[in-house]
Q: 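Quick one: the structure is below, and I'll ask about it shortly.
Small disclaimer: the values here were computed from a predicted structure and weren't measured. Throughout, protein chains are lettered first and strands after them, A, B, ... in sequence-line order, and every chain is numbered starting at 1. Side-chain atoms are counted along with the backbone in the values below, which use heavy atoms only and exclude waters and symmetry mates.
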Amino acid sequence: MSIISSIQQSVTSSLTQIFQQPFTEKDFQVNQTKPEFEGDYTVVLFSLVKMLKQSPDSIGNTLGQHLTENNPGLFTQFNIIKGFLNLTVADDYWISILQKNHNDSCYGKKEMNGKKVMVEYSSPNTNKPLHLGHLRNNFLGWSVSEIMKANGYEVIKSAIVNDRGIHICKSMIAWQLFANGATPESTGIKGDHFVGNYYVQFNNEYKRQVDELLAAGSNKETAEKEAPIMKATQQMLLDWEAGKPEVIELWKKMNQWVYDGFDITYKRIGSNFDITYYESDTYLLGKDIVKQGLDKKVFYHKEDGSTWINLTADGLDEKLVQRKDGTSVYITQDIGLAQLKYQQYNIDQSIYVIGNEQNYHMKVLQLICQKLGMPNADGIYHLSYGMVELTSGKMKSREGTVVDADDLLDEMEDTARQHTEALGKVKDFTADELKELYRVLALGALKFYLLRVDPKKTMVFNPTESIDFHGFTGPFVQYTHARIKSILRKVNPETIWYNSSIDTTTPLLALEKELLLLLEQYGTVLQQACKEQNPSLVANYVFQLAQTFNSFYATHSVANAESDAKKHLRLKLANMTANTIKSGMQLLGIQVPERM
RNA sequence: GGACCGGUAGCUCAGUUGGAUAGAGCAUCAGCCUUCUAAGCUGAGGGUCAUUGGUUCGAAUCCAAUCCGGUUCACCA
């Protein structure tokens with residue numbers, strides 16, 4: 001149980017005993033005490049003043065007395081300032097947390113709860129390489145999965161690959177027209193970039209043809225429809241759907257190039273999936289559901305034969321679920337896939353990590369599933385995240401203003417190398433060890449940068465300033481870990497500290513206690529991060545922990561502490577801090593090096 | 001126009017189940033490496049919490065109105 005819960009319980013029970021009437025935890029508030037006052041946790045008394053019709057001072061005094069007398073192991077003293085009852089928690093309490101958990105790698109995590117969750121993220125298109133926006137999606141999906149695991153859920157990571165449709169045909173047509181048989185192998189270009197280049201070429205050529213038609217006197221609409229390259233693309237989509245062998249073959253070949261490229265990037269960023277769905281397999285799903293929906297009168301036909309659902313009663317619009325020619329639309333496929341997921345995995349919750357531009361769509365999806373009576377419709381949750389914008393505005397592939405994932409990673413690794421070389425602390429590392437260190441630091445900086453912000457908020461990336469390695473950053477936290485490990489490495493673990501118990505007669509110093517207070521909160525943070533599906537809570541926590549340790553480190557010596565008892569305590573404190581940093585960073589998908 | 005999201009320091013962001021003098025990082029300035037890793041630490045300056053009104057012991061946080069920005073409302077995906 002967390003210290004806050006303990007305090008809430010004892011306050012509730014004290015109040016009930018003193019005033020002879022029932023109280024609950026909602027009748028008062030418990031906060032951490034502000035640093036300028038004496039005490040650890042504070043009971044805010046104002047809400048009780050009204051209920052009890054007594055002055056805050058009088059309530060505080062009675063309550064403070066009762067609490068300290070009846071919970072001697074928990075509270076040692078109290079003071080009252082302007083309606084705030086500040087309680088000091090006994091050193092023994094903090095030390096016992098340290099004693100018990102200092103080397104527990106599962107500290108703060110929960111037992112399995114028997115619930116199963118699918119987290120769908122990444123969802124790339126196979127016509128262009130990954131960019132910064134995809135990275136935010138991937139890191140979020142991964143981290144939320146890990147956070148849910150830490151809170152006892154069984155998690156299945158899934159991806160849906162958008163591998164068909166008109167946009168895929170665009171790069172195929174462009175390749176046919178312009179490539180002269182070139183391949184990633186023949187050019188030495190990474191597969192996803194190779195294909196992405198033809199997508200760009202398509203757009204250039206298309207624009208050229210449209211301009212030509214416009215110059216010849218066509219109006220805009222006709223020109224856009226009649227451009228030969230667009231007509232060829234549409235024909236190719238029809239051929240694809242008809243299963244024309246040479247089109248399918250080309251499609252498979254080019255998609256494979258992209259997958260090979262993606263694999264490299266995914267491996268590099270440490271991303272993976274338990275199951276990958278392909279839209280070419282799922283785009284026909286959902287048709288039987290349309291039938292069922294019609295039978296259940298959830299859907300209805302219009303006179304032209306198209307199928308609709310009316311969501312105006314729920315504040316939304318009418319929505320098409322099947323075209324008049326009987327083909328399905330996006331939402332239909334999604335309903336089908338949602339059902340497929342439940343059938344395959346019997347999941348309790350289905351989380352979709354998708355950008356906030358699809359808020360409306362996801363709302364509609366859930367509503368339709370609910371109206372169809374699908375068993376787990378309530379378990380659909382859209383983890384909606386904001387776009388990554390540049391200081392110059394939005395990223396647009398067509399205008400060439402996207403920040404490419406591979407380029408960015410290259411740059412960051414180079415920055416990591418420069419910092420490391422300048423500091424010269426790891427000169428004995430082999431070339432492979434150095435390479436791995438640069439990768440870990442670069443990724444740490446990037447992941448932390450993207451995850452420290454509240455997911456639902458739009459965030460701004462400045463491409464001209466490289467991502468920092470100082471301050472509120474991944475490398476700062478990684479550094480703190482390495483620093484602690486350096487201390488521990490120099491102490492023989494078989495001596496005093498590791499297994500023996502801590503001497504409790506010397507009082508805790510302010511910074512020691514501050515660290516312990518923070519360490520105690522880890523479990524609560526994980527719980528909150530899970531509840532809100534918000535990794536930024538973990539990032540902020542882990543930063544604060546590292547920062548507090550560094551202050552502590554600058555003031556007190558661990559290895560050369562003033563007494564053996566203090567040395568013992570601080571070694572455990574350092575060890576627990578390192579473990580908690582490692583654990584928290586792992587939930588963000590960030591590794592922490594032993595040395596850097 | 002309807003719906004949804006946002007507006008906090010020069011910049012990037014925390015803080016919203018209402019609580020004490022609104023916090024970090026970056027940038028700027030001033031200090032700290034004969035002792036455990038200075039990717040660090042200490043300190044200073046920097047705020048009309050978009051605006052106005054309301055609710056109350058108390059509002060960045062709740063309510064209303066207004067202004068500004070974004071997304072969305074396709075027989076595209």
Side-chain angles (χ1 to χ4, degrees), chain A residues 26 29 31 33-34 36-37 42 44-47 49-50 56 81-84 86 123 125 162 164-168 279 283 302 304-308 315-325 327-331 333-334 355-361 363-364 384 386-387 389 391 394 416 419-420 422-423 425-426 441 445 449 452-454 456-462 465 468-480 482-491 536-537 539-540 543-544 546-547 549-561 567 570-571 574 595-596:
Chain A
K26 292 190 177 136
Q29 215 176 77
N31 301 332
T33 305
K34 302 252 169 203
E36 55 267 36
F37 302 100
T42 298
V44 184
L45 300 167
F46 293 105
S47 52
V49 171
K50 243 183 207 162
I81 298 165
K82 292 200 299 183
F84 297 89
N86 301 323
S123 318
N125 288 351
N162 193 330
R164 63 164 284 282
I166 191 85
H167 51 297
I168 310 297
E279 204 189 290
Y283 83 109
K302 281 197 178 175
D304 66 355
S306 55
T307 312
W308 295 74
L316 306 177
D317 309 296
E318 284 183 88
K319 187 88 189 169
L320 178 92
V321 293
Q322 196 172 69
R323 297 188 187 103
K324 62 186 171 202
D325 63 5
T327 55
S328 55
V329 289
Y330 183 40
I331 193 89
Q333 302 166 31
D334 272 356
N356 60 13
E357 70 230 334
Q358 298 211 34
N359 284 356
Y360 178 77
H361 174 79
K363 214 164 155 184
V364 169
S384 162
M387 299 291 103
E389 288 181 3
T391 32
K394 289 190 182 135
H419 281 297
T420 306
L423 290 166
K425 291 175 184 173
V426 287
L441 292 177
Y449 181 84
R452 67 180 208 196
V453 180
D454 188 333
K456 66 172 187 284
K457 287 198 175 176
T458 304
M459 62 179 292
V460 178
F461 174 78
N462 187 344
E465 293 171 16
D468 223 314
F469 279 59
H470 303 270
F472 186 14
T473 67
F476 170 91
V477 180
Q478 290 170 317
Y479 170 75
T480 310
R483 196 182 218 189
I484 296 173
K485 285 295 176 176
S486 167
I487 302 171
L488 298 180
R489 227 178 287 126
K490 290 177 179 164
V491 180
S536 79
L537 298 180
N540 278 281
F543 170 68
Q544 204 191 339
Q547 203 180 31
F549 183 85
N550 282 324
S551 296
F552 163 80
Y553 176 93
T555 323
H556 305 295
S557 178
V558 177
N560 305 309
K567 180 174 174 181
R570 288 177 193 168
L571 282 167
R595 289 179 58 194
M596 63 185 273

Q: Roughly how many Å apart are B:G46 and B:U61, using the C1' atom of each and rounding to a whole number?
A: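 So the two C1' atoms sit 24 Å from each other.
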Q: Can you tell me how far P in B:G45 sits from the matching atom in B:G25, rounded to whole Å?
A: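 The same atom, P, in both gives a distance of 15 Å.
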Q: Could you state the OH-P distance from A:Y449 to B:A14, rounded to the nearest angstrom?
A: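 Whole-Å distance recorded here is 12 Å.
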Q: Of the nucleotides B:C75, B:C36, B:A20, which has the atom closest to the A:T33 side chain?
A: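 The nucleotide sitting nearest to the side chain is B:A20.
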Q: Using the six-membered ring for Trp and the full ring for Phe, Tyr or His, decide whether A:F46 stacks on the six-membered base ring of B:G58 (centres under 5.5 Å, planes under 30°).
A: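 No; by the centre-distance and plane-angle rule, A:F46 does not count as stacking on B:G58.
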Q: Return no unless some side-chain N or O of A:Q547 is found under 4.0 Å from OP1 or OP2 of B:G25.
A: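 So the side-chain polar atoms of A:Q547 do come within 4.0 Å of the phosphate oxygens OP1 or OP2 of B:G25, strictly under.
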Q: Given B:A77, B:C4, B:A20, identify the nucleotide with an atom nearest to the side chain of A:K82.
A: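 Nearest listed nucleotide: B:A20.
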Q: Using the C1' atom as the reference point in each nucleotide, state the distance between B:C68 and B:A59 in Å, no decimals.
A: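 Per the computed distance, 23 Å lies between those C1' atoms.
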Q: May I ask you to say what A:E279 touches in the nucleic acid, namely base, sugar-phosphate or nothing, with a heavy-atom cut-off under 4.0 Å?
A: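 Sugar-phosphate contact only.
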Q: Please compare A:E465 and A:I484 by the position of their nearest nucleotide in RNA chain B and report the one closer to 5'.
A: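 Its nucleotide being nearer the 5' end, the pick is A:E465.
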Q: Counting any heavy atom closer than 4.0 Å, what does A:T327 reach on the DNA or RNA strands: base, sugar-phosphate only, or nothing?
A: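 No contact.
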Q: Which of parallel (below 30°), tilted (30 to 60°) and perpendicular (above 60°) describes A:F461 and A:Y449?
A: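 Judged by the thresholds at 30° and 60°, the geometry between A:F461 and A:Y449 is perpendicular.
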Q: Please give the distance between the C1' atoms of B:A30 and B:G18 as a whole number of Å.
A: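 Comparing C1' positions in B:A30 and B:G18 gives a spacing of 39 Å.
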Q: Looking only at side-chain atoms of A:R595, point me to the closest of B:U35, B:U37, B:C4.
A: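 In terms of side-chain proximity for A:R595, the closest of B:U35, B:U37, B:C4 is B:U37.
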Q: Classify A:A559 by what it touches in the nucleic acid, base, sugar-phosphate, or nothing, heavy-atom distance under 4.0 Å.
A: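 Base, at least one base atom sits under 4.0 Å.
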Q: If we ignore hydrogens and angles and just use 3.5 Å, is the side chain of A:D468 paired with the main-chain N or O of A:H470 as donor and acceptor?
A: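 Between the backbone of A:H470 and the side chain of A:D468 there is a qualifying donor-acceptor contact (under 3.5 Å).
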Q: Apply side chain to side chain contact (heavy atoms under 4.5 Å, CB included) to A:N162 and A:H167, showing your working.
A: CA-CA 10 Å; A:N162 193 330; A:H167 51 297; 3.3 Å; yes
Q: Between the base of B:A20 and the side chain of A:N86, is one N or O donor paired with an acceptor at under 3.5 angstrom?
A: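 Such a pair exists between side chain and base.
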Q: Which residue, A:H167 or A:T473, contacts RNA chain B at a nucleotide closer to its 5' end, judged by nearest heavy atom?
A: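 Mapping each residue to its closest nucleotide by heavy atoms, the 5'-most match is A:T473.
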Q: Pick base, sugar-phosphate or nothing for A:V460, based on heavy-atom distances below 4.0 Å to the nucleic acid.
A: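 The residue A:V460 makes sugar-phosphate contact but no base contact.
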Q: For a 4.5 angstrom cut-off between non-hydrogen side-chain atoms, does A:L441 reach A:H419?
A: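 Counting from C-beta outward, A:L441 and A:H419 never come under 4.5 Å.
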Q: Base of B:C33 relative to its sugar, syn (within 90° of 0) or anti?
A: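 Here the answer is syn: the torsion falls within 90° of 0.
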Q: Run the side chain to side chain contact (heavy atoms under 4.5 Å, CB included) check on A:N356 and A:K456 step by step: do they pass?
A: CA-CA 8 Å; A:N356 60 13; A:K456 66 172 187 284; over 6 Å; no
Q: For B:C76 and A:R323 - does any side-chain N or O of the residue sit under 4.0 Å from the phosphate oxygens OP1/OP2?
A: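 True: A:R323 side-chain N/O within range (under 4.0 Å) of B:C76 OP1/OP2.
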Q: Side-chain contact, heavy-atom cut-off 4.5 Å: A:H361 with A:I331?
A: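 Side chain of A:H361 against side chain of A:I331, heavy atoms only: contact under 4.5 Å found.
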Q: Taking any heavy-atom pair under 4.0 Å as a contact, classify A:F37: base, sugar-phosphate, or nothing.
A: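 Answer is base: heavy atoms of A:F37 come under 4.0 Å of a base.
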Q: Name the closest nucleotide to the A:N359 side chain, picking from B:C75, B:A77, B:C4.
A: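 Shortest atom-to-atom distance from the side chain points to B:C4.
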Q: Within the structure, does a side-chain N or O atom of A:R483 lie under 4.0 Å from either OP1 or OP2 of B:A38?
A: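 For B:A38, OP1 or OP2 has a side-chain N or O of A:R483 closer than 4.0 Å.
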Q: Closest to the A:K490 side chain: B:A77, B:G40, B:U37?
A: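 For A:K490, the side-chain atoms sit closest to B:U37.
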Q: Can you check the A:W308 CH2 to B:A74 P distance for me, whole Å?
A: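 Whole-Å distance recorded here is 8 Å.
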Q: Quick one: look up who B:G40 pairs with, Watson-Crick or G-U, both distances under 3.5 Å, and put none if it's unpaired.
A: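 Check on B:G40: paired to B:C32, both distances under 3.5 Å.
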Q: Among the candidates B:U72, B:A14, B:A77, find the nucleotide nearest to the side-chain atoms of A:V453.
A: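 Looking only at heavy atoms from C-beta outward on A:V453, the closest nucleotide is B:A14.
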Q: For A:L316, report the nucleic acid contact type (base, sugar-phosphate, nothing); a contact means any heavy atom under 4.0 Å.
A: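 If one applies the 4.0 Å heavy-atom cut-off, A:L316 turns out to touch nothing in the nucleic acid.
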Q: Return the value, rounded to whole Å, for the distance between atom CG of A:N356 and atom C1' of B:U72.
A: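 Those two atoms, CG and C1', are 10 Å apart.
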Q: Side chain of A:K456 only, heavy atoms from C-beta on: which candidate in B:G6, B:C26, B:A20 is closest?
A: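 Closest of the options to the side chain of A:K456: B:G6.
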Q: Is it the case that the base of B:A14 and the side chain of A:S536 share a donor-acceptor contact (distance under 3.5 Å, atom types as modelled)?
A: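 Between B:A14 and A:S536, which were checked side chain against base, a qualifying N/O pair under 3.5 Å is absent.
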Q: Considering only side-chain heavy atoms of A:S557, which listed nucleotide, B:C36, B:C75, B:U37, is closest?
A: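 Of B:C36, B:C75, B:U37, B:C36 is nearest to the side chain of A:S557.
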Q: Whole Å only: how far is the CD atom of A:Q29 from the P atom of B:G18?
A: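 These atoms are roughly 7 Å apart.
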Q: Going by purine N1 to pyrimidine N3 plus the second Watson-Crick contact, or the G-U wobble pair, all under 3.5 Å, which nucleotide sits opposite B:C26?
A: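 Looking at the geometry, B:C26 pairs with B:G10.
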Q: So, OP1 or OP2 of B:G40: does either fall under 4.0 Å of a side-chain N or O from A:H470?
A: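 Affirmative; the distance criterion is met.
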Q: When we call it a touch if two heavy atoms are under 4.0 Å apart, what does A:S551 touch: a base, just sugar-phosphate, or nothing?
A: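 If one applies the 4.0 Å heavy-atom cut-off, A:S551 turns out to touch the sugar-phosphate alone, with no base involved.
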Q: Provide the distance between the two C1' atoms, one in B:C26 and one in B:A14, to the nearest whole Å.
A: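 Going atom to atom, C1' in each nucleotide, I get 14 Å.
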Q: Tell me whether the side-chain N or O atoms of A:D304 pair up with the base of B:C75 as donor and acceptor below 3.5 Å, since no angle test is needed here.
A: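 By the distance-only test, yes, there is a pair.
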Q: When all nucleic acid strands are considered with a 4.0 Å heavy-atom cut-off, which category describes A:F84: base, sugar-phosphate, or nothing?
A: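 Touches a base.
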Q: With rounding to the closest Å, how many angstrom separate the C1' atoms on B:U28 and B:C67?
A: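 Pairwise C1' distance, B:U28 against B:C67, rounds to 33 Å.
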Q: Nearest to the A:K457 side chain among B:G6, B:G19, B:C4, which nucleotide is it?
A: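 Taking heavy atoms from C-beta onward, the closest nucleotide is B:G6.
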Q: Base, sugar-phosphate or nothing for A:M459? Non-hydrogen atoms, less than 4.0 Å.
A: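 Sugar-phosphate only.
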Q: Atom OH of A:Y330 and atom C1' of B:C73: how far apart are they, to the nearest Å?
A: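 After rounding, the gap between these two atoms is 16 Å.
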Q: Check every strand shown and say whether A:F472 touches a base, only sugar-phosphate, or nothing at a heavy-atom separation below 4.0 Å.
A: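 Counting heavy atoms under 4.0 Å across all strands, the contact made by A:F472 is with sugar-phosphate only.
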Q: Between A:F84 and A:V44, is any pair of side-chain heavy atoms under 4.5 Å apart?
A: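 In contact.
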Q: For a quick test of reading the model: is some side-chain N or O of A:Y360 closer than 4.0 Å to OP1 or OP2 of B:G2?
A: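 The answer is no; no side-chain N or O of A:Y360 sits under 4.0 Å from OP1 or OP2.
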Q: Starting from C1' on B:A74, measure out to NZ on A:K319 and report it in whole angstrom.
A: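 Checked: the NZ to C1' distance equals 8 Å.
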Q: Looking at every strand, decide which applies to A:V44 at a 4.0 Å heavy-atom threshold: base, sugar-phosphate, or nothing.
A: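 Touches a base.
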Q: A:N31 CG to B:G15 P: how many Å, rounded?
A: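 A:N31 atom CG is separated from B:G15 atom P by 15 Å.
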Q: Given ring-ring contact (aromatic ring centres under 6.0 Å, His included), test A:F552 with A:F549 step by step and report yes or no.
A: CA-CA 5 Å; A:F552 163 80; A:F549 183 85; 5.6 Å; yes
Q: Please report the distance separating the P of B:U66 from the corresponding atom of B:C29, rounded so that it comes out in whole Å.
A: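 After rounding to an integer number of Å, I get 46 Å for this pair.
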Q: Between A:R483 and A:N550, is there a side-chain heavy-atom distance shorter than 4.5 Å?
A: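 The answer is yes; the side chains approach within 4.5 Å.
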Q: Has A:K50 got a side-chain N or O lying under 4.0 Å from the OP1 or OP2 atom of B:C57?
A: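 For B:C57, OP1 or OP2 has a side-chain N or O of A:K50 closer than 4.0 Å.
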Q: Would the number of heavy atoms belonging to other residues, nucleotides or ligands and lying under 6.0 Å from NZ of A:K324 be above 12?
A: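 Open.
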Q: Give one of base, sugar-phosphate or nothing for A:T420, where a contact means two heavy atoms less than 4.0 Å apart.
A: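 Since a base atom lies under 4.0 Å of A:T420, the category is base.
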Q: Would you measure the distance from the C1' atom in B:A9 across to the matching atom in B:A44 and give it in whole Å?
A: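 Rounded to whole Å, the distance is 15 Å.
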